[in-house]
Amino acid sequence: EAADTLIAAGHAYPCYVTPDELDEMRKQQVARGLPPKYDGRHRNLTAEDRQRFEAQGRKPVVRMKLPERDERVVVSDLVRGKVAFNSKELDDQVIVKSDGYPTYHLAVVVDDHRMGITHVLRAEEWLPSTPKHLYLCKWLGWEPPLYAHLPLLLNDDRSKMSKRKGDVAAEAYRAKGYLPEALVNFLALLGWSPGDDTELMPLPQLIERFSIERVTKAGSVFDREKLNWMNQHYLQQMPAERLFALLRPFVAKTAYAGEDEALLRKICATVQPALVTLADVEKHLGLFFRPDGAPLSADVLRVTETATALQVFRAFRDQLARTPELTAATFPLLVKAVQKETQVQGKSLWEPLRAAITLETQGPDLALVADVLGKEKILARLDLALSRSAA
RNA sequence: GUCCCCAUCGUCUAGCUGGCCUAGGACACCGCCCUUUCACGGCGGCGACAGGGGUUCAAAUCCCCUUGGGGAUACCA
């Protein structure tokens, strides 16, 4: 309907040039050192011309008919101020494709008008096509919306980050275990800041404090490290119940999906302080369920094979064997007893213990882990460490 | 090529109406402290006004040029 209106008013016209012909045309222009541009060859077709093309079975596109004379078009942008373009630089843009579908340019103008859109906030890449949208509005007799062209999100090499290239769709971040609140908070800070040093802001606060005047002009690199930090922050804050609910789909993807639910719940709570993303739960789960005979890292071997380590293991094994019940609260007591007995303390005491018990050199609080693992398992692993050294 | 946008630490940024900036914060990195372990946390360190001209008593802040980066130049959005 809008296209028909424009054609009737002489602001648009059917164009029968085929993609192949356009290709050829541009190639020749480039060869002659000219900028590739539609040359307007179908701007003024006669009725006969049209009939001839129709008879050939050609389906036309509809193109905007930009003014013959050069005009100055000024875009008033909420973040960039006034930006001037020359209509001469613009092309007779296709607004309806040969399959009858409108292109973005026509669709966005018509759609926004019908929906009563007052503000168009879009990325900077759209700034150069805004003059076209302004023409469309003008010809259709509509008041254009207010525009704000936001800075681009950039890859590490400072090129434009595109949702059509790479693994950067919002869904991809969800799949990688990032929380919506973390992503939103992080994204809000790319190209905008509240003006003070506040960085951690939940959505309601973001909404309250946001103002378009404080939007920056330069593009910003998407820094995964900072996102990680923020994600971890929100993860640590989270109540255990909600965390477990969010963790479920990630647990479901692992080999441990069928384990006892109460146990999984306990593990998730234990592991919370060590999570950077939800997906990290997988590797931590492995820590609890890995088979005793699994291959060990060089670090684990290094810290479990010292003379001091062996001394600690023997003492701890004895302590543990004599303990009726092992809990997160009693574990440190056992370690304390070992310290007294062996005179080993601090890192040289805890590090080998952790490595022998969890088969990792890092992880959540050892007492908590030990509680989940249970007495029998720990005894078995200590024996294993002892026998490894004996061999 | 042409048009347009942009330019403060490695990254995100504060600084916008010029003096309070020997340029502040955050992430990352490095120390120290806390913790008998891991992490959290606390403290500190490293680290930037792209260059050159102006304007001014005074410029990161205003103007110009250069350089650099990015975007757009599709029957994609």
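Keep in mind the model is a prediction, meaning the values are calculated, not measured. In the text below, chain A, chain B and the rest are named by the order of the sequence lines, each starting its count at 1.
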Select base, sugar-phosphate, or nothing to describe what [X] touches, counting heavy atoms under 4.0 Å on all strands.
{"X": "Leu353(A)", "result": "nothing"}
{"X": "Ser98(A)", "result": "base"}
{"X": "Thr18(A)", "result": "base"}
{"X": "Gly191(A)", "result": "sugar-phosphate"}
{"X": "Val17(A)", "result": "base"}
{"X": "Arg26(A)", "result": "sugar-phosphate"}
{"X": "Val61(A)", "result": "base"}

Between [M] and [N] - [atom1] atom distance, rounded Å:
{"N": "C62(B)", "M": "G47(B)", "atom1": "P", "result": "27 Å"}
{"N": "A48(B)", "M": "C43(B)", "atom1": "P", "result": "23 Å"}
{"N": "C49(B)", "M": "A60(B)", "atom1": "C1'", "result": "4 Å"}

Margin query: Whether the side chain of Glu282(A) engages the backbone of Phe250(A) through a donor-acceptor N/O pair (distance < 3.5 Å, no angle test) should be reported.
Written below: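 No, because the side chain of Glu282(A) does not come within donor-acceptor range (under 3.5 Å) of the backbone of Phe250(A).
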
Notebook entry, point to check: Does Thr323(A) reach the main-chain N or O of Leu326(A) with its side chain, forming a donor-acceptor pair under 3.5 Å?
Noted result: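 No, the answer is negative, given that no donor and acceptor are paired below the 3.5 Å cut-off.
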
Check: Are Lys88(A) and C3(B) close enough that a side-chain N or O sits under 4.0 Å from OP1 or OP2?
Finding: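 No.
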
Can you tell which of [options] lies closest to the side chain of [X]?
{"X": "His105(A)", "options": "C75(B), A77(B), C6(B)", "answer": "A77(B)"}
{"X": "Glu89(A)", "options": "A77(B), C3(B), G70(B)", "answer": "C3(B)"}
{"X": "Trp126(A)", "options": "A77(B), G1(B), C75(B)", "answer": "A77(B)"}

Next item on the list: Classify the angle between the aromatic ring planes of Trp126(A) and His105(A) as parallel (below 30°), tilted (30 to 60°) or perpendicular (above 60°).
Entry: perpendicular

Margin query: Angle between ring planes, Tyr256(A) versus Phe289(A), binned at 30° and 60°: parallel, tilted or perpendicular?
Written below: parallel

Note to self: Other residues, nucleotides and ligands only: do more than 12 of their heavy atoms fall within 6.0 Å of NZ on Lys88(A)?
What the structure shows: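 Atom NZ in Lys88(A) is not crowded, with 12 or fewer foreign heavy atoms closer than 6.0 Å.
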
Next item on the list: Assess whether atom CG of Asp156(A) is packed by more than 12 heavy atoms of other residues, nucleotides or ligands within 6.0 Å.
Entry: no

Note to self: Strictly under 4.0 angstrom, non-hydrogen atoms only: write out the protein contact profile of nucleotides 17-41 of chain B, one letter per nucleotide from the 5' end, B, S or -.
What the structure shows: --------BBBS-------BBBS--

Notebook entry, point to check: Considering heavy-atom distances to RNA chain B, does Ala84(A) or Leu22(A) have its closest nucleotide positioned more toward the 5' end?
Noted result: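 Result: Ala84(A).
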
Next item on the list: Please tell me which of Lys97(A) and Phe85(A) maps to the more 5' nucleotide of RNA chain B, matching each residue to the nucleotide holding its nearest heavy atom.
Entry: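 That would be Phe85(A).
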
Check: Looking at Tyr178(A), is Lys176(A) sitting on its ring face, NZ or CZ under 6.0 Å from the six-membered ring centre and within 45 degrees of the normal?
Finding: no

